[in-house]
Amino acid sequence: MATVMQKIKDIEDEMAKTQKNKATAHHLGLLKAKLAKLRRELLTPSSKGAGGAGKGFDVTKSGDSRVGLVGFPSVGKSTLLNKLTGTFSEVASYEFTTLTCIPGVITYRGAKIQLLDLPGIIEGAKDGKGRGRQVISTARTCNCILIVLDAIKPITHKRLIEKELEGFGIRLNKEPPNLTFRKKDKGGLNLTSTVTTTHLDLDTVKAICSEYRIHNADITLRYDATADDLIDVIEGSRVYIPCIYVVNKIDQITLEELEILDKLPHYCPISAHLEWNLDGLLEKIWEYLNLTRIYTKPKGMNPDYEDPVILSSKKRTVEDFCDRIHKDMLKQFKYALVWGSSAKHKPQRVGKEHELEDEDVVQIIKKV
């Protein structure tokens, strides 16, 4: 592990020394590709002897969605978990109180949301320091990440945590790159672009691909992509997660400072100890998770508004709805009746590819 760490440090030092201009773009692209490969080695150690997942980290996924609390030690993650979920996570005024991953569940608008209190990460977690590797590996499985910051500590902590998470292939509040990368057997590298590119040219692309031993591929750019975007697509192990910056302990700062913080995007001010703005935080979590609630209606009865079926916004067809209830339901599926904003008339008879909207009511008609 030490040699990989040393290689990463050497490459980072060389990148810091290299000036950024058109002449060095090719060299920097090559260094970035090497860095991405080394980071991947750190994440998935090849030897069987390398430490396991770590006690307490293999938390079973439960509920409809999973939210992770990430932050430096002693910013109030455990207090926040206690107030929101009623789960007991040890709280003390010294750092590193929480040593394993502690789960809790909130029920909000009919959805069960699992909250994970992860141990505090320290700078250099992406390089394997502290419990950093397990913490960030668990964070990768979340549907939304809350980066908890301390209002009285410097705001530069936000950038440090982002850097740690990005080093592990987690992209915060970003969309996957809009570029196509297709390997082929022969014909060399072809780069086509529908827009003017300022970051990538054929030489840089060749340098990055040669590092991955790819010599034949078609690459289509639909926007001005950077070398990092291309590496993300080739690596393919990147996760794109929405993120909220939760600024805690706002009871200890002035109103002027709060107004400055208010200009940050994706931000939510709270005081976990005094329970200020926790409703606003839950509202924001709901918005970022982008869940769809579907109510069921048994034949000849009123809809069940107490216990909705929760679907993600990306998978919300009638087929996904049936799968969520029971995997054998599709075999008996004949058609569905839908009431709500996705139906043209009430009720509308639909097939299994119909897309549902939030708070629709669905009745499934089975084959006889």
Nearest 0.5 Å, what's the [atom1]-[atom2] distance between [X] and [Y]?
| X | Y | atom1 | atom2 | result |
| --- | --- | --- | --- | --- |
| L289 | Y108 | CG | OH | 11.0 Å |
| L35 | I231 | CG | CD1 | 8.5 Å |
| L149 | I270 | CG | CD1 | 10.5 Å |
| F321 | L356 | CZ | CG | 7.5 Å |
| I11 | L28 | CD1 | CG | 11.5 Å |
| T79 | E275 | OG1 | CD | 11.0 Å |

Got [X] and [Y] here, is their nearest side-chain heavy-atom distance under 4.5 Å?
| X | Y | value |
| --- | --- | --- |
| L191 | D201 | no |
| D232 | Y240 | yes |
| T317 | L311 | no |
| T180 | D218 | no |
| K284 | H266 | no |
| T196 | D224 | no |
| I147 | L172 | yes |

message = Please enumerate all residues that pass side-chain hydrogen bond (donor to acceptor under 3.5 Å, both in side chains) together with D10, with sequence neighbours excluded.
response = Q6
For the residue pair [X] and [Y], what are the closest heavy atoms and their distance?
| X | Y | answer |
| --- | --- | --- |
| Y212 | A33 | OH-O, 3.7 Å |
| Y288 | C243 | CE2-O, 3.4 Å |
| L81 | G104 | CD1-N, 4.3 Å |
| I208 | A227 | CD1-CB, 3.8 Å |
| V247 | A151 | CG1-CB, 3.7 Å |
| I161 | G71 | CD1-CA, 3.7 Å |

When you group the ILVMFWY residues by side-chain heavy-atom contacts below 4.5 Å and let the links chain together, are [Y] and [X] in the same group?
| X | Y | value |
| --- | --- | --- |
| I325 | V361 | no |
| V246 | W286 | yes |
| V338 | I365 | no |
| L30 | L202 | no |
| I106 | I244 | yes |

task = Apply side chain to side chain contact (heavy atoms under 4.5 Å, CB included) to N277 and S271, showing your working.
result = CA-CA 7 Å; N277 199 25; S271 168; over 6 Å; no
query = With sequence neighbours excluded, what pairs up with D185 under the salt bridge (Lys or Arg N to Asp or Glu O under 4.0 Å) test?
reply =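 Per chain and number, D185 pairs via salt bridge (Lys or Arg N to Asp or Glu O under 4.0 Å) with no residue.
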remark   = By salt bridge (Lys or Arg N to Asp or Glu O under 4.0 Å), E14 pairs with (sequence neighbours left out) none
Spell out, as yes or no, whether a donor-acceptor pair under 3.5 Å connects the side chain of [X] to the backbone of [Y].
| X | Y | result |
| --- | --- | --- |
| N178 | R222 | no |
| R171 | E166 | yes |
| N21 | T24 | yes |
| N290 | S312 | no |

task = Start with the C-alpha gap between T141 and V239, add the side-chain angles, then the distance that decides, and say whether side chain to side chain contact (heavy atoms under 4.5 Å, CB included) holds.
result = CA-CA 9 Å; T141 65; V239 287; over 6 Å; no
query = Salt bridge or not for E162 and R159, using N-O below 4.0 Å?
reply =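 R159 and E162: salt-bridged.
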Short N-O contact, D64 and R324, less than 4.0 angstrom = yes
ask   = Between F72 and H157, what is the ring plane arrangement, given parallel below 30°, perpendicular above 60°, and tilted in between?
value = perpendicular
query = Would I310 and R293 satisfy side chain to side chain contact (heavy atoms under 4.5 Å, CB included), going step by step from the backbone distance to the final call?
reply = CA-CA 5 Å; I310 307 291; R293 288 162 297 175; 3.6 Å; yes
With W276, the side chain to side chain contact (heavy atoms under 4.5 Å, CB included) member among I250, L281, N248 = I250
inquiry  = Given K184, which partner from the list N190, I214, L189 fulfils the side chain to side chain contact (heavy atoms under 4.5 Å, CB included) test?
reply    =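 Answer after filtering N190, I214, L189: N190.
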key: Where at least one partner belongs to residues 343-353, residue pairs that pass side chain to side chain donor-acceptor pair (under 3.5 Å), sequence neighbours excluded   = none
Do any side-chain atoms of residues 294-309 form donor-acceptor pairs under 3.5 angstrom with protein atoms, and if so which ones, sequence neighbours left out?
unit_1	atom_1	unit_2	atom_2	d
Y295	OH	E359	OE1	2.9
K297	NZ	M301	O	3.0
D304	OD1	E306	N	3.1

key: Derivation of the side chain to side chain contact (heavy atoms under 4.5 Å, CB included) call for D13 and K9   = CA-CA 6 Å; D13 291 347; K9 193 179 180 313; 3.2 Å; yes
Residues 328-336, side-chain donor-acceptor partners within the protein, below 3.5 Å, at least two apart:
unit_1	atom_1	unit_2	atom_2	d
D328	OD1	K331	NZ	3.4

